[in-house]
Amino acid sequence: MRVEDNIKKIAADLLAYYDVHARKLPWRAPPGANAADPYRIWLSEVMLQQTTVAAVGPYFAKFTKRWPDVAALAAEEDAEVMAAWAGLGYYARARNLLACARAVADAHGGTFPDTEEGLRALPGVGAYTAAAVAAIAFGRRAVVVDANVERVVARLFAIATPLPAARPEIRSATDVITPDLRAGDFAQAMMDLGATICTARNPACGICPLRDDCAAVLTADPAAFPIKAAKKAKPHRLGHGWWIERPDGHVWLVRRPDKGMLGGMRALPSSEWNDAPDGTPPLVARWRRVAEPVAHVFTHFSLALTVHHAHVGQDVTPPGDGEWWPVAEIGRAGLPTLFARAAEAAMKEGKKDARL
DNA sequence: GATACGTGGTA
DNA sequence: TTACCAAGTAT
């Protein structure tokens, strides 16, 4: 068989697999339905950045019900969208999501750009997302490369160069096997394959539709591809958080700065997070320290947050910007997971305190 | 190219 | 329990 035929066989095999085994996902138009809605495709792609399908499901349902189109999302207040995103992580995505929705609503007349280049210029839309939306929502031929595609392609061609140096080589190989027609289905098929068969650990090579096309399956350890450099150890950091409660059952919450960890999110007042954080509370009160610090692991460091709580007078106002939030409604504040857990620990301690 | 940026699931 | 991993982007 000629090389070009071999190349075409990969796309043909994969699309045949996809026609039968495509996962049913909420953002995928059912077979025979109208063309995909760019808003829903874009929203799903942003949510899925570094995030599992399982985690995205409930958020996608919540967002599309509450904001059915880009105009509705663009018109929403920042705090509402940030709170709705709470728990999903990578909060810069939520800030960029709003900025993007408003750019589409204002600068593009409510319609998403239909080219990779146009999409790429939007906030929070990088090379991957621009290619994915162009291909899936607009039927363009685009070379879509995410972590799944990197893995599948590195194995298909047994690419021995370690990541990230292998990226240009992998992109080039993906370009070669991407078909002119159905590039969107091809991309989704590659991702389905990577998520269910060509998995990072214990790939199911025995049932893989590309087994006959794969170079890695002929090696001793197909799962060894792509080759990756070892990761650095995470540093451990310490921090303090303060739960300030008023007699009428309200707690003091702040909004974190847009830049940095948990940027733009509601939070408890807290210290810097480092080797020796300043544990001076934001105000003078009778502080009680919660016995067990909240242990939390972020992408590049782990944190032990010591939580303190105090009851203050009804007329007290802590320093800085913030708001009194009803403790009974704390679940609606949209606290990122670290602070949701800190709040939980503080409230538990508070009950203990009340019994004394 | 390297680093910052969340969270929950899996082995 | 530690370590890795998941539909990346911005700087």
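Throughout, a chain's letter reflects where its sequence line sits, starting with A, and its residues are numbered from 1. Quick caveat, the model's predicted, so the values are computed rather than measured. All values below come from the heavy atoms of this structure, side chains included, with hydrogens, waters and symmetry mates left out.
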d([atom1], [X]; [atom2], [N]) in whole Å:
X	N	atom1	atom2	answer
A/Phe298	B/dA4	CZ	C1'	12 Å
A/Met265	B/dC5	CE	P	15 Å
A/Arg93	B/dA4	CZ	C1'	14 Å
A/Arg167	B/dA2	CZ	C1'	12 Å
A/Leu88	B/dG6	CG	P	11 Å

*Closer than 4.0 Å, any side-chain N/O of A/His296 to the OP1 or OP2 of B/dT7?*
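Affirmative; the distance criterion is met.
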*Does a side-chain N or O from A/His300 land closer than 4.0 Å to OP1 or OP2 of B/dT3, or not?*
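For B/dT3, neither OP1 nor OP2 has a side-chain N or O of A/His300 closer than 4.0 Å.
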*Which of parallel (below 30°), tilted (30 to 60°) and perpendicular (above 60°) describes A/His308 and A/Trp242?*
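Parallel.
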*asked:* Using a 3.5 Å distance criterion without hydrogens, assess whether the side chain of A/Arg341 forms a donor-acceptor pair with backbone atoms of A/Ala295.
replied: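 Judged by distance alone, yes, a pair lies under 3.5 Å.
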*So, does A/Arg93 use its side chain to make a donor-acceptor pair with the main chain of A/Met47 at under 3.5 Å?*
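Such a contact is found between A/Arg93 side chain and A/Met47 backbone.
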*Could you write out DNA chain B as a dot-bracket string, with dots for unpaired bases, | for bases paired across to another strand, and Watson-Crick or G-U pairs counted at under 3.5 Å?*
.||||.|||||
*Salt bridge A/Glu150-A/Arg167, side-chain N to carboxylate O under 4.0 Å*: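 A salt bridge is present here (some side-chain N lies under 4.0 Å from a carboxylate O).
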*A/Asp106 with A/Arg102: basic N within carboxylate O range, under 4.0 Å*: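 Between A/Arg102 and A/Asp106 there is no salt bridge, as every charged N stays at least 4.0 Å from the carboxylate O atoms.
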*What's the spacing between A/Phe63 CZ and A/Ser44 OG if we round to 0.5 Å?*
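If we round to the nearest 0.5 Å, A/Phe63:CZ and A/Ser44:OG are 13.0 Å apart.
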*Any side-chain heavy-atom pair of A/Cys208 and A/Leu193 under 4.5 Å*: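 Yes. Closest side-chain heavy atoms under 4.5 Å.
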*Select base, sugar-phosphate, or nothing to describe what A/Gly260 touches, counting heavy atoms under 4.0 Å on all strands.*
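Answer is sugar-phosphate: A/Gly260 comes under 4.0 Å of backbone atoms only.
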*For every nucleotide of nucleotides 4-11 of chain C, 5' to 3': is a protein heavy atom under 4.0 Å from its base (B), only from its sugar-phosphate (S), or from neither (-)?*
BSBBBSS-
*Test A/His300 against A/Phe298 for ring-ring contact (aromatic ring centres under 6.0 Å, His included), laying out the working first.*
CA-CA 6 Å; A/His300 55 296; A/Phe298 295 106; 7.7 Å; no
Measuring only the [atom1] atom in each nucleotide, how far is [N] from [M]? A whole number of Å is fine.
N	M	atom1	result
C/dA7	B/dA4	P	23 Å
C/dT11	B/dG6	P	14 Å
C/dT2	B/dC5	P	23 Å
B/dG1	C/dA10	C1'	14 Å

*Which comes earlier along DNA chain B counting from the 5' end, the contact point of A/Pro164 or that of A/Thr337, where each point is its nearest nucleotide?*
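Nearer the 5' end of the strand: A/Pro164.
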*Shortest non-hydrogen contact from A/Val290 to A/Ala346?*
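Heavy-atom minimum between the residues: CG2-CA, 4.2 Å.
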